[in-house]
Trainee: 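Supplied in C-alpha cells, the structure appears directly below.
Proteins come first, then strands; the chains are lettered A, B, ... in the order of their sequence lines, and each starts at number 1.
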Amino acid sequence: MTTVRTRFAPSPTGHLHVGSVHTALYSWLIAKKYKGQFILRIEDTDLERSESTHVQTILQSMEWLGMDYDEGPYFQTQRLARYKEVIDQLLKDGLAYRCYCSKERLEHLRECQLANKEKPRYDGCCRNQHEFKDCPFVIRFRNPEEGVVAFDDLVHGHIEFQNSELDDLIIARADGSPTYNFCVVVDDLDMGITHVIRGDDHVNNTPRQINILRALGGKEPLYGHVPTILGPDGKKLSKRHGAVSIQQFRDDGFLPHALLNYLVRLGWSHGDQEIFSLDEMIEYFDFDHLNNSPATFDIEKLLWLNQHYLKEAKSEDLVQELDAQMAKAGVSILDGPDLVDLIQVQKERCKTLVDLAEKSRYFYEDFTEYDEKAKAKNLKKEVIPVLQSVLTKLELVSHWKAEPLHACILQTAEDLDLKLGKVAQPVRVAITGGSVSPPLDVTLELIGRHRSLHRIKEAIQICEAGLLH
RNA sequence: GCUCUCAUCGUCUAGUGGCCUAGGACACUGCCCUCUCACGGCAGGAACAGGGGUUCGACUCCCCUUGAGAGUACCA
C-alpha cells in the first residue's frame, strides 16, 4: 500500500483566500488521517502576476492556521528545466507538436466558432504539419481524437468526457514557458501525489490532464473536486463579500481553530456534531460525507464558533494576540490590569479579539464621554445618595478584591432598601461610562481603586450638575 | 452556444427506499436565569425546486423541465 501524498498548490498572485484554505484543509486532513505527507507547492509560472510578498503571506497564513507541510514549499519556477525536458521528450515521441498559428488566426477562428454556436477550440491546423518554420511557435499537446476519458471523483463520483470535446491545448508558450495544465501534471507525477484535492473549477481540466499524464506514462491519482464557497449573493466568494484573505481573518480577531472548525463543517458533516478538535477532524473527515453542492459562507456562524473557542481557550494563550489587537486599537496597556485577567473576565462576552479590545478601553484609559442613554438613565439626582453610599464604603476597603467590593454593593442596596440593580447599574455607568460590562465586582477590581473612586466622584458631580437645570 | 457540475428550513447540514407527522446547528422570536452584557436552560416559527416514471412504498433510484455554478485563454 503506497502512502498517501496530498498537496496544496496556491499561486502567489494575491493573499491566501479562505476558499483555497477550505480545500487545502481537506487535503491536509487526509494526509494526516492516513499518516501520509502533505506537500506545499507554489504555482508561480504566471510571471506577470506572481509576487514574492504574496509567497510570504501564504507561508505566514499557513503557519498561523497550524497547517504544517511535510515537503516544500516547491516553486514551479525552479523546475523549468524539468518541464523543458518533458516537453522535448513529448515532441520527440510525436505526442506534442509545434503550432505556428498566429494569435490573430486563433482569435478569428474562435469568433467564427462562437458565431456558429460551436464550442471554441483549436482546429488542429498545425497538427500534421511537420516542416520547421522560422517563426514564433507554441507547443501543443496532441490530444486523442476519439474515445472517452473517465475518472471516479472522490466527491462527485463517476465523471466522463468525450475526447472529441477536447482540443490540443498549449503546453508551452511562444517564449518557451510551460503552462499550468502541463506543469500540474508533471509536478503531481514527479511528487508522487496520490490524491489530487482541489476546487471543482478544475473538473473541466481534469480530462486534459489525464491525457497528458497517460502520454507521460504516469499512473492516475485519485481526484477529489471540492465545491466552491459562495458569498451570500450566491456568487463565488470574493473581496466584495468582506473578509476573504486569511490575514484578514486574523486581523479581524478570529482564532485559527474557529476558522478551521467553520471550514471543515462547510460542506462536510459528521452527524450532528458541530465542534471538532483538530484530532477529531483528522479522525472523522472523509469524502463520503462531503457534500457535492456549493456552500454559502456565513459569517454569523463563524462568529459563534469564534466566541465558543474564545470561551474555551486558556486566557494565557490569547494574551499575545490580544496584545497586538490592543496596540492596533491604540490602547496602551501599561496602565491597567494584566491582559490575562482582562481576558478572563471578557472572553465569554466577545465574538472576536477585536471585539474584546474595543470593549476593554475603559480598563486602561479614562473615557471622555458617557454613553448618552446610559448617562440619562442612570446619572440622575436620585442616584447621588446611592453613589455616595457606595463611595464611602469603597473608600474603606483595604483589600481591593472582588469579594469585599461585592459586599459593598450588597450592603448599599440593603442600607438604602434598593434592589441590587438600582445600585449596580449607576455604579457601572460611573466607572465604565456605559451600561455594559463584566460583573461589577470584578470590573471594579480590575479598574483599580484609584480610578474607580475617582470616576465615582466624577459621576456624582455629573449628577449634581444635572440638578442645576 | 457547447461541455461538465449542482439542487432539504434564511444559512451550514442529517437523511444512502420504510425509523421522516423530515433531525441538529447558526440566525431570529418568546420565556427562564440575572447587577448590565454575555453564557446557560426551555419553547417557537421555518425546508425535501417542479413534473413524470421505477417501486407495495420515495427526501432518498431514473428521466425531463426550471434554476444556479464552473470551464470553454500563449491565467492558475
Side-chain angles (χ1 to χ4, degrees), chain A residues 9-13 43-46 48-50 76 99 101 103 106-107 110 113-121 136-140 153 155-156 159-162 165-167 169-177 179-181 183-184 199-207 225 227-228 230 232 234-236 262 265-275 288-289 291-305 307-308 311 346-351 359 374 378 406 409-410 413 419-429 432 434-441 443:
Chain A
S11 59
T13 52
E43 306 209 325
D44 55 354
T45 48
D46 184 356
E48 304 268 305
R49 299 192 297 152
S50 296
Q76 290 189 322
C99 168
C101 294
K103 282 190 182 179
L106 262 19
E107 206 165 301
R110 190 187 141 80
Q113 287 166 329
L114 242 23
N116 289 331
K117 305 201 171 193
E118 284 170 37
K119 182 175 179 169
R121 75 233 282 183
F137 62 88
V138 298
I139 312 278
R140 284 183 188 272
D153 194 272
V155 354
H156 294 283
I159 298 178
E160 58 179 48
F161 291 80
Q162 297 293 324
E165 288 296 330
L166 275 23
D167 64 355
L169 77 159
I170 292 172
I171 56 176
R173 305 180 180 96
D175 66 2
S177 63
T179 59
Y180 167 75
N181 275 301
C183 296
V184 200
D200 74 358
D201 46 335
H202 287 288
V203 287
N204 292 285
N205 290 326
T206 306
H225 289 98
T228 328
L230 272 22
K235 303 284 182 198
K236 205 167 164 180
Y262 178 71
R265 275 288 281 108
L266 196 59
W268 174 81
S269 61
H270 181 68
D272 288 337
Q273 188 169 344
E274 295 289 349
I275 305 297
D288 291 346
H289 295 85
N291 248 273
N292 43 13
S293 52
T296 306
F297 192 90
D298 180 19
I299 191 74
E300 292 297 335
K301 189 155 181 181
L302 206 210
L303 251 8
W304 170 73
L305 277 164
Q307 179 166 36
H308 171 83
K311 212 167 48 188
Q346 288 274 249
K347 64 182 182 182
E348 81 167 21
R349 61 201 90 234
C350 295
K351 299 224 183 252
K359 284 178 176 163
N378 293 288
H406 185 64
I409 307 294
L410 275 185
K419 291 217 293 195
L420 193 52
K422 293 287 176 195
V423 177
Q425 207 52 7
V427 176
R428 171 169 284 116
V429 176
T432 70
S435 59
V436 176
S437 88
L440 202 54
D441 48 3
T443 305

Trainee: Can you tell me if the side-chain N/O atoms of A/His156 get under 4.0 Å from OP1 or OP2 in B/C4?
Mentor: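 Result: no.
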
Trainee: Quick one: A/Gln346 CD to B/C39 P, roughly how many Å, whole number?
Mentor: 14 Å

Trainee: The criterion is ring-ring contact (aromatic ring centres under 6.0 Å, His included); which residues satisfy it with A/His289, sequence neighbours excluded?
Mentor: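 Partners of A/His289 under the ring-ring contact (aromatic ring centres under 6.0 Å, His included) test: none.
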
Trainee: Looking at A/Gln307, does any N or O in its side chain come under 4.0 Å of the phosphate oxygens OP1/OP2 on B/C39?
Mentor: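 So the side chain of A/Gln307 is within the cut-off, an N or O lying under 4.0 Å from OP1 or OP2 of B/C39.
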
Trainee: Does A/Asn204 make a side-chain N or O approach to OP1 or OP2 of B/C2 shorter than 4.0 Å?
Mentor: no

Trainee: If only side-chain N and O atoms of A/Lys235 are considered, is one of them under 4.0 Å from the OP1 or OP2 phosphate oxygen of B/G69?
Mentor: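 Indeed, a polar side-chain atom of A/Lys235 lies that close.
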
Trainee: Provide a list of protein-nucleic acid N or O atom pairs under 3.5 angstrom, restricted to nucleotides 40-47 of chain B.
Mentor:
from, atom 1, to, atom 2, distance (Å)
B/G40, OP1, A/Lys311, NZ, 3.4

Trainee: Who passes side-chain hydrogen bond (donor to acceptor under 3.5 Å, both in side chains) against A/Asp175, sequence neighbours left out?
Mentor: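 Partners of A/Asp175 by the side-chain hydrogen bond (donor to acceptor under 3.5 Å, both in side chains) criterion, ordered by chain and then number, come out as A/Ser177.
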
Trainee: According to ring-ring contact (aromatic ring centres under 6.0 Å, His included), who are the partners of A/Tyr180, at least two apart in sequence or on a separate chain?
Mentor: A/His202

Trainee: Can you give one letter per nucleotide of nucleotides 13-18 of chain B, 5' to 3': B if a protein heavy atom sits under 4.0 Å from the base, S if only from the sugar-phosphate, - if neither?
Mentor: SSS---

Trainee: If the cut-off is 4.0 Å, is A/Thr45 near the phosphate of B/A76, judged by side-chain N/O to OP1 or OP2?
Mentor: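 So the side-chain polar atoms of A/Thr45 do come within 4.0 Å of the phosphate oxygens OP1 or OP2 of B/A76, strictly under.
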
Trainee: Between protein and nucleotides 29-31 of chain B, what N or O pairs are separated by less than 3.5 Å?
Mentor:
none

Trainee: Tell which nucleotide pairs with B/A47, taking only Watson-Crick or G-U wobble pairs whose two distances are both under 3.5 angstrom.
Mentor: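 Pair assignment: B/A47 / none.
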
Trainee: Below 3.5 Å, does any donor atom in the side chain of A/Arg349 face an acceptor in the base of B/C39, or the other way round?
Mentor: no

